[in-house]
Amino acid sequence: MADSPAALFARQQLRAPVLRRASAEDRAGRLRKLGQWIEQNRVAIQDALYADFRKPRAETDVTEIWSSQVEIKHTLAHLKQWMRPRRVGTPMSLLGTTSWVYYEPKGVCLIVAPWNYPFYLAIDPLVSALAAGNCCIIKPSEMTPAVAALLSRMARELFDPAEVAVVEGDKDVATELLRLPFDHIFFTGSPVIGKVVMRAAAEHLTSVTLELGGKSPVLIDATANLRDAAEKIVWGKFINAGQTCVAPDYVLVHESVQERFVQEVRQAVGRFYDPQGEGVVHSDSYARIVNKHHFARLSGLLEDAQREGAQVAMGGIVDGSQCFIEPTLLLGASPESRVMQEEIFGPLLPIQPFRTLMEAADFVNARPRPLALYLFTQNAENQRYLIQHVAAGGCCVNETILHLAHPELPFGGVGNSGMGKAHGHYGFLAFSNEKAVLKQRTGRTGIKLMYPPYTSKVQKMIDWLMRLF
């Protein structure tokens, strides 16, 4: 019989002091085993993603397997450097001391993975947690049961449950886990559930990394290369059928190029998903919506947008029998409609015109801060203006999504779109306590001159110190 979440947690609490003393080579060994398992189980990972929502095997290779291996290899290349205590300078007021920052694991960590990239978004934080020397419990999404079962098998084959364990189950299991006093929680999901996680963490003063979402905008000015922009936006929006936290959520395009941009998008969708003209529904390169619930939600967004006056400029075909929603462009959607208020997380793309950059920036800034911002321009001044004036967790210029794949860049949101950063060194730091260490010499020190009793002589010394430093 499998251990309960509480029993697993207790086992990991006992094991955590051992892992905190693990050398860089010990930690690297765990990561190498993980990388080898992923390589050996490539087909099994592809099969699981296809079983859960018909994810194309090539997309699984790129977005689930390759991206996981990039994180592992980057971490292995830098782990010794990251673990090394970092010396810091000494201010004049503390002459005689030496100081450094020591990186220690937080302890027992919980990773709550989502359903949209269910393998990668479990493995990526696991890599960071293991690199930092932690024990981990992973809670995969029940919406992708094939991947959840695969992750469970992976954990059994690679790790002692006292170090890494996978706990499957529904929201009741997640609630049970959130009652435990973890040392850190890494959650990927919606802002609504992120608030639930944060409230639960507050009961134990547990630190959190919240990778959430939001409505990531695209801004296209009059100088953009429209064919190039259309191809990159189509790829970023419709990969995984739009079920991507950093997918372009809506497009603001300069009114002078809107019509040409829409035409380029239509052509790009045809090239990518319907080269034979048989309909996107027959494409082997296009995923499905994960389940009936999310299909109904997206269908409702589409119907509501049309009732509010939006026009379907491309797509619009839905098929509930296979949770299929065609790549769809919406023109003239009301800013008050649900499709412009809620995170879409699916293959619906509203397009809105703008006249000035200030107008576009104000439109974005009037809404909760997005996880990503995408700018398409060949004008350096426009680029500077938008980067400076529009807040977002991350940004790509003349590209979509790829900042997520760069291991040297911090990934995360701001405000409603998240808290904390992940990937590479930033992920290592998220799962580490940066312990400040100061060493003082023995005997006579400057600070002793200001010990009590606070005589006039001591006060003069304090006054001198305040003027000097």
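Fair warning: this is a prediction, and the values are worked out from it, not measured in the lab.
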- Cation-pi geometry met for R367 and F363 (6.0 Å, 45°): yes
- Message: D183 vs K106, test: salt bridge (charged side-chain N to carboxylate O under 4.0 Å, His left out). Steps then yes/no.
- Response: CA-CA 6 Å; D183 298 298; K106 288 187 173 178; over 6 Å; no
- Item | Aromatic contact, Y374 with W235 (centres under 6.0 Å) | no
- Message: With a 4.0 Å cut-off on N to O distance, would you call E163 and R30 a salt bridge?
- Response: yes
- Item | Electrostatic pair R355:E359 at N-O distance under 4.0 angstrom | no
- Message: Please check this pair: side chain of D249 against backbone of I344, looking for a donor-acceptor N/O pair closer than 3.5 Å.
- Response: yes
- Query: Quick check: does any side chain N or O of T377 sit under 3.5 Å from a backbone N or O of N379, one acting as donor and the other as acceptor?
  - Reply: yes
- Count the heavy atoms of every other residue, nucleotide or ligand shown that sit under 6.0 Å from CE of M450, and state whether that count exceeds 12. yes
- Item | Contacts of D26 that satisfy salt bridge (Lys or Arg N to Asp or Glu O under 4.0 Å) - sequence neighbours left out | none
- Does CE in M143 sit with more than 12 non-hydrogen atoms of other residues, nucleotides or ligands closer than 6.0 Å? yes
Indicate every side-chain donor-acceptor pair of residues 383-395 with a distance under 3.5 Å to a residue at least two apart or in another chain.
{"from": "R384", "atom 1": "NE", "to": "E381", "atom 2": "OE1", "distance (Å)": "3.4"}
{"from": "R384", "atom 1": "NH2", "to": "E381", "atom 2": "OE1", "distance (Å)": "2.7"}
{"from": "H389", "atom 1": "ND1", "to": "Y385", "atom 2": "O", "distance (Å)": "2.8"}

- Output yes when E25 and R32 qualify as a salt bridge under the 4.0 Å nitrogen-oxygen rule, no when they do not. yes
- Message: Is it the case that atom CZ in R369 sees more than 12 heavy atoms from other parts of the structure closer than 6.0 Å?
- Response: no
- Task: Of all the heavy-atom pairs spanning A148 and S141, show the shortest one and how long it is.
- Result: CB-O, 4.0 Å
- Is the backbone N or O of I239 less than 3.5 Å from a side-chain atom of E59, with the two atoms forming a donor-acceptor pair by type? no
- Query: Should we count CE of M340 as having more than 12 external heavy atoms under 6.0 Å?
  - Reply: yes
- Would you list the pairs meeting salt bridge (charged side-chain N to carboxylate O under 4.0 Å, His left out) in which at least one residue belongs to residues 438-464, sequence neighbours left out? none
- Task: Might you work through the salt bridge (charged side-chain N to carboxylate O under 4.0 Å, His left out) test for K215 and E343, ending with a clear yes or no?
- Result: CA-CA 5 Å; K215 298 184 72 62; E343 182 180 8; over 6 Å; no
- Query: What's the verdict on salt bridge (charged side-chain N to carboxylate O under 4.0 Å, His left out) for K55 and E64, showing C-alpha distance, side-chain angles and the deciding distance?
  - Reply: CA-CA 11 Å; K55 184 160 183 168; E64 306 274 359; 3.1 Å; yes
- Atom CD of E157: over 12 foreign heavy atoms under 6.0 Å: yes
- Item | Centroid-centroid under 6.0 Å between H74 and W82 rings | yes
- Message: Exactly one of Y426, F186, Y103 should register a ring pair (Phe, Tyr, Trp, His ring centres under 6.0 Å) with F431. Which one does?
- Response: F186
- Scanning both residues in full, the closest heavy-atom pair of S216 with P370 reads CA-CB, 3.9 Å
- Query: Going through the distances and angles, do R11 and D160 end up as a salt bridge (charged side-chain N to carboxylate O under 4.0 Å, His left out)?
  - Reply: CA-CA 10 Å; R11 290 180 64 183; D160 184 327; 3.6 Å; yes
- Any donor-acceptor pair under 3.5 Å from T400 side chain to I233 backbone: no
- Task: Would you please indicate yes or no on a ring centroid separation below 6.0 angstrom for H204 and F182?
- Result: no
- Not counting sequence neighbours, which residues clear salt bridge (Lys or Arg N to Asp or Glu O under 4.0 Å) with R42? List them please. D61
- Task: Tell me, please, which residues at least two apart from D228 pass salt bridge (Lys or Arg N to Asp or Glu O under 4.0 Å).
- Result: K232
- Query: Restricting to pairs with a member in residues 120-141, which pass salt bridge (charged side-chain N to carboxylate O under 4.0 Å, His left out), not counting sequence neighbours?
  - Reply: K139-E142
